[in-house]
Amino acid sequence: GATARVLAGATTRVFSNRTVWLQFVRQVSREAAGVFMSLPFLGMLVLALGVLLPAANDAGNIVGMPAHPRTYLMIESLQGIFSAVLLLVVVLYSGDLIWKERALELDEVMDSMPTPSGVYLGAKLVALLLVIVAFLVAGVLALIGFQLFRGYTDFELGLYARGVAIAAVYPALMMVLACFCHVVARNKLIGYGLVLVFIVAWDLLEELGFEHHLYRFASLPQTPYSDFNGFAPFLEPFAWFSLFWGLVAVVIVGLSVALWRSGTDTEWRIRLREARARFRGAVRAVTVVGGVGALAAGSWIFYNTNVLNAY
């Protein structure tokens with residue numbers, strides 16, 4: 001029989017900013033789905049809620065006498081042992097997400113894709129942020145349910161929102177540091193070890209007298225709440241140190257993108273050469289802006305805490 005020839009037009013490959021954005025959105029959905037659909041995530045969420053509710057029940061108790069479950073007491077419970085469990089979850093998942101492709105032996109396939117390294121790292125960071133948000137929202141819903149169970153209905157949702165925003169800062173900063181540790185590490189175990197070394201080192205610095213929040217990454221002032229003044233006057237210094245460490249985190253993200261490992265080469269000589277090639281354009285601009293901003297904010301904090309006042 002006769003053979004029909006079909007001529008297909010040449011495919012035009014488009015690598016625009018919109019393409020990068022679509023890659024990023026799809027990668028975020030994959031990373032987030034992989035976390036939220038896993039049994040370990042649900043198990044750790046149940047564990048966190050399991051320690052939160054007893055803490056809420058004991059909040060404000062004086063010599064065994066129960067107190068009304070006021071919202072500020074619920075927030076104190078949220079910022080206590082619940083936040084410690086959340087930090088553990090963030091640290092564990094940072095390693096899982098950074099090393100996921102290598103654990104599945106898909107790293108060389110992903111490296112061959114026309115996708116910037118920042119898309120992969122950014123998607124993992126956003127997925128971790130969603131984990132933080134999910135834990136805190138679940139915690140607030142559980143606390144509201146506890147208040148209803150105790151017959152208390154003055155929920156003060158605005159106060160909950162401010163308390164959640166404050167509670168989210170520290171795990172978000174630690175998320176960035178933990179991911180950076182895994183980016184530069186040779187394997188997942190060393191990455192977890194680096195995170196542990198940083199945490200122990202900060203406690204050691206405090207024991208040695210280096211108590212200033214400028215010396216220890218993600219060190220933030222306390223924000224106690226009172227009925228008379230709310231979070232003031234503690235909110236302003238908390239905001240300044242959050243801004244400072246947030247800008248430092250921007251620098252760390254830029255360095256993480258530059259040092260992102262692609263291929264099978266693990267020698268630092270090769271990785272640094274690749275980092276110099278990646279450290280240009282938006283990556284360099286964002287990193288420099290973050291560094292300059294951190295220097296300015298840190299100088300302002302130091303001037304106010306050590307020059308105008310005695311720290």
Side-chain angles (χ1 to χ4, degrees), residues 32-97 126-175 178 192 195-196 199 203 218-231 234-235 238 242:
V35 173
F36 290 119
M37 299 300 290
S38 65
L39 289 178
F41 172 80
L42 297 176
M44 286 185 283
L45 180 58
V46 170
L47 171 64
L49 296 178
V51 300
L52 174 63
L53 293 177
N57 187 57
D58 295 335
N61 288 6
I62 302 176
V63 293
M65 298 180 61
H68 288 294
R70 299 281 304 277
T71 297
Y72 82 91
L73 293 175
M74 300 298 97
I75 291 175
E76 289 179 0
S77 303
L78 192 72
Q79 296 174 348
I81 190 170
F82 180 85
S83 292
V85 176
L86 175 56
L87 176 62
L88 177 63
V89 171
V90 169
V91 170
L92 289 176
Y93 268 111
S94 66
D96 278 348
L97 290 180
V126 171
L128 287 171
L129 278 176
L130 293 176
V131 168
I132 294 173
V133 171
F135 262 72
L136 291 175
V137 169
V140 168
L141 293 176
L143 291 173
I144 291 176
F146 173 76
Q147 287 177 305
L148 278 173
F149 177 76
R150 292 280 298 272
Y152 190 85
T153 57
D154 186 13
F155 300 130
E156 298 181 89
L157 297 181
L159 181 56
Y160 265 124
R162 294 193 295 274
V164 165
I166 292 172
V169 175
Y170 181 70
L173 292 172
M174 288 300 299
M175 166 196 77
Y192 285 132
V195 178
L196 181 61
I199 295 175
D203 291 337
S219 180
L220 302 168
Q222 296 295 317
T223 54
Y225 179 87
S226 71
D227 287 326
F228 291 104
N229 299 316
F231 289 112
F234 306 101
L235 197 57
F238 178 86
S242 298

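Counting from 1, the numbers follow the sequence of the chain as shown. Just so it is clear, the structure is predicted and the values come from calculations on it, not from any experiment.
With sequence neighbours excluded, the residues that form a ring-ring contact (aromatic ring centres under 6.0 Å, His included) with Y192 are H182. Considering only residues two or more places apart in sequence or on other chains, L148 meets the side chain to side chain contact (heavy atoms under 4.5 Å, CB included) condition with T153, F155. By the side chain to side chain contact (heavy atoms under 4.5 Å, CB included) test, V140 is found to be paired with L78, I144, Y160, V164, residues two or more places apart in sequence or in another chain being considered. With sequence neighbours excluded, no residue forms a salt bridge (Lys or Arg N to Asp or Glu O under 4.0 Å) with D58. Scanning for side chain to side chain donor-acceptor pair (under 3.5 Å) contacts around D96 gives K188, with sequence neighbours left out. Every residue was checked against the salt bridge (Lys or Arg N to Asp or Glu O under 4.0 Å) condition with R162, not counting sequence neighbours, and none meets it. Residues satisfying the side chain to side chain contact (heavy atoms under 4.5 Å, CB included) test with A218, not counting sequence neighbours, are Y170, L173, M174. For Y225, the ring-ring contact (aromatic ring centres under 6.0 Å, His included) criterion is met by Y72, F231, not counting sequence neighbours.
Residue pairs meeting the side chain to side chain donor-acceptor pair (under 3.5 Å) criterion with at least one member in residues 130-146, sequence neighbours excluded, do not occur. Residue pairs satisfying the side chain to side chain donor-acceptor pair (under 3.5 Å) criterion with at least one member in residues 73-84, sequence neighbours excluded, are absent. Applying the side chain to side chain donor-acceptor pair (under 3.5 Å) test to every pair with at least one member in residues 33-44, sequence neighbours left out, gives these pairs: S38-Y93.
Note: T71 OG1 to L157 CG = 8.0 Å, rounded to the nearest 0.5 Å. Taking CG of L88 as the reference point, atom CG of L47 lies at 8.5 Å (rounded to 0.5 Å). Between atom CG of residue L143 and atom CG of residue L136 there is a gap of 10.5 Å, rounded to the nearest 0.5 Å. Distance check, rounded to the nearest 0.5 Å: CG of L159 to CZ of R70 gives 9.0 Å. Rounded to the nearest 0.5 Å, atoms CG (L92) and CG (L97) are 11.0 Å apart. Here the CZ-CG distance, from F238 to L220, works out to 5.0 Å after rounding to the nearest 0.5 Å.
The neighbour count for F149 CZ, taken as heavy atoms of other residues, nucleotides or ligands under 6.0 Å away, does not exceed 12. Other residues, nucleotides and ligands place no more than 12 heavy atoms under 6.0 Å from the CD1 atom of I81.
For Q147 (side chain) and P69 (main-chain N/O), a donor-acceptor pair under 3.5 Å exists by modelled atom type.
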List the steps, then state whether side chain to side chain contact (heavy atoms under 4.5 Å, CB included) holds for L49 with L52.
CA-CA 5 Å; L49 296 178; L52 174 63; 4.3 Å; yes
Could you go step by step and tell me if L73 and H68 meet the side chain to side chain contact (heavy atoms under 4.5 Å, CB included) rule?
CA-CA 9 Å; L73 293 175; H68 288 294; over 6 Å; no
Below 3.5 Å, can you tabulate the donor-acceptor pairs from side chains in residues 126-133 to any protein atom, sequence neighbours excluded?
none

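Across all non-hydrogen atoms, the minimal contact from V90 to P171 is CG1-O, 3.9 Å. The minimum heavy-atom distance linking S226 with N229 is given by the pair OG-N, 3.1 Å. Shown here for A138 and L45, the closest heavy-atom pair between the two residues is CB-CD1, 3.9 Å. Annotation for F146 and A56: closest pair CE2-O, 3.8 Å, computed over non-hydrogen atoms.
Note on ring orientation: taking the six-membered ring where Trp is involved, the planes of F82 and F135 are tilted (angle from 30° to 60°).
Two residues are said to be in side-chain contact when any heavy atoms from C-beta on lie closer than 4.5 Å; F234 and P224 meet this criterion.
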